[in-house]
Amino acid sequence: MSCSGGFLLQLTQRCKKHPKQMMQIHSLIVTNGHLLHYPNAPLSDQWMPTLLYNALISAYHTHKHKVLLFTYMLANQAPPNSHTFSPLLKSSPLPLGTTFHSQTLKRGLLSDPFILTSLLALYARNQLLPHAHRVFEEFPMVCIVACNAMLNAFSINGHMEAAVAFFERMPQKDVYSWTTVVNGFALNGNFGASIRFFGKMMSHGDVVRGLVKPNEATCASVLSSCANLDGRVALDCGKQVHGYVLMNEAKLGVNVGTSLINLYGKMGRLSNAEKVFRQMVVRKVCTWNAMISSLACHGREKEALDMFEKMKLHGLKPSSITLVAVLTACARGNFVREGLELFRSMWQDFGIEPIMKHYGCVVDLLGRAGHVEEAAEIIRNMPFKPDASVLGAFLGACRIHGAIELGEEIGKKMLKLQRQHCGQYVLLSSMNAEKERWDHAADLRREIMEAGIHEIPAYSMVDLT
DNA sequence: TTAGGGTTAG
């Protein structure tokens, strides 16, 4: 099929989200010879190969494809311009990113604000805050996007005080600026501050006057902060955000919907979570993960497994997190055979390599069901060293099923891993006390005192709402 | 020269 370069360029832009069509367009571009450099082509067409390469680099999703296209671009003498490097830098790991940095310098493109912003983000996400700041100072004219990228650089590197100070000094703030700080507090584990900052945003003049409006990213971030806190206030705040979304958005976005399911699920409001799930028009794997996990954690293990089957029927590929949720359901619902089968076939069936969390689930699964020796066998044969969560699950099982020797063997390993954590000492000590091994119990209690560890008093909370 | 940068779930 014969197509003009301009037409194919437009087509590339439009089909960015459709990988299959993208490959077909790519073939058309190649077979029409538009990627070849013709020195005698009319002046208006001289840039066409560069434009097409740029469009393809930006449209392909994998970093490998992007870099490969860039090498072809150089080989075919299509000169990269200021549009070429942003999408490359966006997906680059640090070493390659620094190579592109020198390329832009060599080609005289380093004053381009788009390239500078991508470089700033590159250094920021690789924990090189001073480099990021240096790039920020290179901007010929500071714009709001550059400021937001710098704001995010402070946030993702754990400098929230600097971020807020920077935010206050910004002459102008848009929804990205506000969202970056709301999200920054959450990233740094300060969920209360994240929610308070969102509150500050909502009462700010710009929002009241409608000049700035929270978007899906803002709502998803603050909802995630709510889900990370316990209690009525966090739930109420989440409900208010939910109300705001219902009043202001035509439909529930994937990320906001997933955050809501996660929030309601964590708070035990399963009917609300299910309602949100049903209302969502587009559901991604993470949406199903949130729903499966909510059911698994609130005594509806069978339904969690049914949901997993439904998800597969919808043609979605389970992720590593899906498997954690499903294995949790198996452990809590005492579905030992199903859980073990899933664990053993997850690589073969879904290409998912078991990580620490999966081992934790399967040890919990076996341990709860009283198969303590099999659980110990799993731990012994793990391809990496078990962490405190895996050992903790095992120790809990040993205590319930009175497997004191096995418990001691693993428990000692654990003390080395988490010396500062009192829970494990107490658990080991109680195991010995329960078996009336008072000398062992007393020894451990002494160790607790000597290590200067304070037992954190346990508390229970009843939510009467 | 028709395009490119900053915030989102577990």
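Proteins come first, then strands; the chains are lettered A, B, ... in the order of their sequence lines, and each starts at number 1.
Taking only side-chain atoms of Asn255(A), from C-beta outward, the nucleotide of dT8(B), dG4(B), dG5(B) with the closest atom is dT8(B). Proximity note for Glu216(A) (side chain, C-beta onward) versus dT8(B), dG4(B), dG5(B): the nearest is dT8(B). Comparing dG10(B), dT8(B), dG5(B) against the side chain of Ser224(A) picks out dG10(B) as the nearest.
If you take NE2 of His242(A) and P of dA9(B), they are 18 Å apart, rounded to a whole angstrom. Atoms CG (Leu88(A)) and C1' (dG5(B)) sit 13 Å apart, rounded to a whole Å. For the pair Leu223(A) CG and dT8(B) P, the computed distance is 14 Å after rounding to whole Å. Computed from coordinates, the Ile144(A) CD1 to dT7(B) P distance equals 14 Å when rounded to whole Å. Across the protein-nucleic acid pair, Lys213(A) atom NZ and dT7(B) atom C1' stand 16 Å apart, rounded to whole Å. Atom NE2 of His101(A) and atom P of dG5(B) are 18 Å apart (whole Å). One atom, CG of Leu260(A), and another, C1' of dG10(B), lie 15 Å apart when rounded to the nearest Å. Rounded to an integer number of Å, the gap from CD1 of Ile355(A) to C1' of dG10(B) is 11 Å.
Looking at Glu309(A) and Lys312(A), a side-chain N of the basic residue comes within less than 4.0 Å of a carboxylate O on the acidic one, giving a salt bridge.
Each ring pair (Phe, Tyr, Trp, His ring centres under 6.0 Å) pair with one or both residues in residues 344-363 of chain A, not counting sequence neighbours, appears once here: Phe343(A)-Tyr359(A), Tyr359(A)-Phe384(A).
Counting any heavy atom pair closer than 4.0 Å across all strands shown, Pro113(A) reaches a base atom. Base contact: Met48(A) has a heavy atom under 4.0 Å from a base atom. Phe136(A) comes within contact range of no nucleotide atom at all, as no heavy-atom separation falls under 4.0 Å. Among the heavy atoms of the strands, none lies under 4.0 Å from Cys147(A).
Residues Phe136(A) and Phe166(A) bring their aromatic ring centres within 6.0 Å.
The aromatic rings of His131(A) and Tyr123(A) lie tilted to each other, with the angle between the two planes from 30° to 60°. Ring pair Phe154(A)/His133(A) is tilted by interplanar angle, where 30° to 60° counts as tilted. Between Tyr264(A) and His242(A), the ring planes are tilted. Angles from 30° to 60° get that label.
Not one N or O on the side chain of Asn188(A) forms a donor-acceptor pair closer than 3.5 Å with the backbone of Asn190(A). When atom types are taken as modelled, the side chain of Asp364(A) and the backbone of Gly367(A) share no donor-acceptor pair closer than 3.5 angstrom. Distance alone, capped at 3.5 Å, places no donor-acceptor pair between the His314(A) side chain and the Leu316(A) backbone.
Of all heavy-atom pairs spanning Val362(A) and Leu340(A), the tightest one is CG2-CD2, 3.8 Å. Across all their heavy atoms, Pro214(A) and Val207(A) have their closest contact at CD-CG1, 4.4 Å.
For DNA chain B, the residues of residues 169-204 of chain A within the heavy-atom distance limit of 4.0 Å (strictly under) are Asp174(A), Tyr176(A), Thr179(A), Thr180(A), Asn183(A), sorted by number. DNA chain B is contacted by Cys286(A) of residues 271-297 of chain A, taking any non-hydrogen atom closer than 4.0 Å. Contacts between residues 304-326 of chain A and DNA chain B, defined by a heavy-atom separation below 4.0 Å, involve Ile321(A), listed by number. Near-neighbour residues of DNA chain B inside residues 114-122 of chain A, defined by a heavy atom below 4.0 Å, number-ordered: Phe114(A), Thr117(A), Ser118(A).
Side-chain contact check for Cys330(A) versus Glu301(A): every heavy-atom pair is 4.5 Å or farther apart.
Legend: residues meeting side chain to side chain donor-acceptor pair (under 3.5 Å) with His83(A), ordered by chain and number and at least two apart, are absent.
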Could you walk me through whether Trp178(A) and Phe167(A) pass side chain to side chain contact (heavy atoms under 4.5 Å, CB included), step by step?
CA-CA 8 Å; Trp178(A) 287 98; Phe167(A) 176 90; 3.7 Å; yes
Decide yes or no on side chain to side chain contact (heavy atoms under 4.5 Å, CB included) for Asn81(A) and Trp47(A), but give the supporting numbers first.
CA-CA 10 Å; Asn81(A) 64 9; Trp47(A) 276 99; 3.8 Å; yes
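Listed pair Lys90(A) / dG5(B) meets the phosphate criterion, a side-chain N or O lying under 4.0 Å from OP1 or OP2. Contact annotation: Asn54(A) does not reach the phosphate of dG4(B) (side-chain N/O to OP1 or OP2, under 4.0 Å).
A donor N or O paired with an acceptor N or O is found under 3.5 Å between the base of dG4(B) and the side-chain atoms of Asp112(A).
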